[in-house]
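Worth knowing before you read on, the calculation uses all heavy atoms, side chains too, and leaves out hydrogens, waters and symmetry mates. When a ligand or atom number is given, it counts from 1 through the structure's own listing order.
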Amino acid sequence: MSGRYAPTPTSGLHLGNLRTALVAWLFARSSGRQFQLRFEDLDRDRVRDGGAVGAAQYADLAALGIDFDGEAVWQSERLGGYQSAADLLAGRCYECYCTRREIAESASAPHRDGYRPYRGTCLGLSDSERDERRAARPPALRIRADGARSAVRDYWAGEFEADVDDFVIRRNDGVWAYNFAVVVDDIAQGVDQVVRGADLLSSAPRQAWLTTVLGGSVPEYAHVPLVTDRSGKRLAKRERAVTLAELAAEGTSAAQVLALLGSSLKLCRADERVTISTLLDRFDPETIPGEPWAY
Ligand code: GLU
């Protein structure tokens, strides 16, 4: 049994990321689970200096007292695992040559998170159309969901159900897609508890469905309400100090940040001196506010 924290090593973790990591750690440790770290560094467009950024993220988590079992997993070192899983799915996958624009034009309105469900355009191509399009553009790989619906149970959101579209498992630049890699890894790492930011709730039904297709057991989910600024906007890095380094430069120590995060979870006062094990002793998921935390 294991939980996990899976940051993308693109920049320093901000208070929202740290709070989610803390909640994931508290959920895992309070239920006797292991807790694993996985760096999601597949996206070469976004991840530039993954090794160094990941090391800094690790140091920040450690400064708060968040510890992990086993070595960190780097997705960029797991390419063989993704290929093997894709091989298992080969009979259900098809090539897609659609551009972003074509998808936008054929799709219904985007979902709230901007995601556009795919209408299966490339599934219906004739052989000659396929050859023609393949010559013009490297294909993405999609999995056929056959109009599935998938429901998950989330700790805060409760029952959450959604249509599963034929989503991308490998992008047309050859990079394994987030929704695919995360499922392959959660299965491989024995993760049965997924605690992460609320922005990923909409991906959970898709991922749960793929977990079942790959023969895994669907984990339990808790999508942590995000941190906003005082005006209710998602916390942005530019506007004020939000990383441990920025806060340290203003004279706020890691211990004070831990107390601040603990207070946002109703586990201590912001000015209390606490350690992470005190927070663990007091942890009760019931008391965590189900609405965003305005910082
Ligand atoms: N890598 C994702 C992020 O940094 C999290 C993925 C997950 O927890 O499933 O937002």
Side-chain angles (χ1 to χ4, degrees), residues 2-28 33-51 53-58 60-61 66 68 72-78 81-82 85 113-115 150 152-157 160 162 167-169 171 175-211 214 216-228 234-237 242-243 292:
S2 183
R4 64 6 170 231
Y5 183 60
T8 306
T10 44
S11 58
L13 299 172
H14 63 60
L15 279 179
N17 307 132
L18 294 168
R19 182 173 184 262
T20 298
L22 175 61
V23 175
W25 182 90
L26 290 166
F27 260 91
R33 283 180 168 81
Q34 301 224 313
F35 194 58
Q36 300 179 69
L37 179 61
R38 178 172 76 233
F39 290 109
E40 305 209 319
D41 62 338
L42 288 178
D43 190 338
R44 292 182 294 250
D45 295 339
R46 289 178 60 214
V47 178
R48 296 287 165 171
D49 194 9
V53 177
Q57 291 181 333
Y58 177 81
D60 283 355
L61 295 163
I66 296 174
F68 298 95
V73 169
W74 293 80
Q75 288 192 323
S76 57
E77 293 172 2
R78 295 250 317 122
Y82 307 133
D113 61 359
Y115 185 79
S150 169
V152 297
R153 169 149 288 285
D154 177 76
Y155 187 80
W156 286 281
F160 181 76
F167 60 92
V168 171
I169 70 164
R171 305 186 333 199
V175 175
W176 296 105
Y178 159 68
N179 279 302
F180 172 71
V182 88
V183 169
V184 173
D185 286 339
D186 282 341
I187 295 173
Q189 293 181 262
V191 168
D192 67 343
Q193 183 183 60
V194 170
V195 180
R196 60 188 175 188
D199 54 330
L200 290 168
L201 175 63
S202 58
S203 301
R206 205 178 294 135
Q207 294 175 7
W209 174 83
L210 182 60
T211 302
L214 283 169
S217 321
V218 174
E220 60 177 61
Y221 292 103
H223 288 87
V224 185
L226 295 178
V227 180
T228 64
R234 205 169 150 170
L235 196 64
K237 288 196 182 144
V242 287
T243 64

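Aromatic ring pairs are classed by plane angle as parallel below 30°, tilted from 30° to 60° and perpendicular above 60°; the pair Y58 and F68 is tilted.
We find that E40 and R46 are not joined by a salt bridge, their nearest charged nitrogen and carboxylate oxygen being 4.0 Å or further apart.
In the model, Q207 has a side-chain atom that pairs as donor or acceptor with a side-chain atom of N179 under 3.5 Å. Q189 and R4 share no side-chain donor-acceptor pair at under 3.5 Å.
With sequence neighbours excluded, the residues satisfying side chain to side chain donor-acceptor pair (under 3.5 Å) with R78 are D185.
For an aromatic pair to be called close, the ring centres must be under 6.0 Å apart, and Y221 with F160 fails this.
Residues lining ligand 1 at a heavy-atom distance below 4.0 Å are given as R4, A6, P7, T8, E40, Y178, V182, R196, L200, ordered by chain and residue number.
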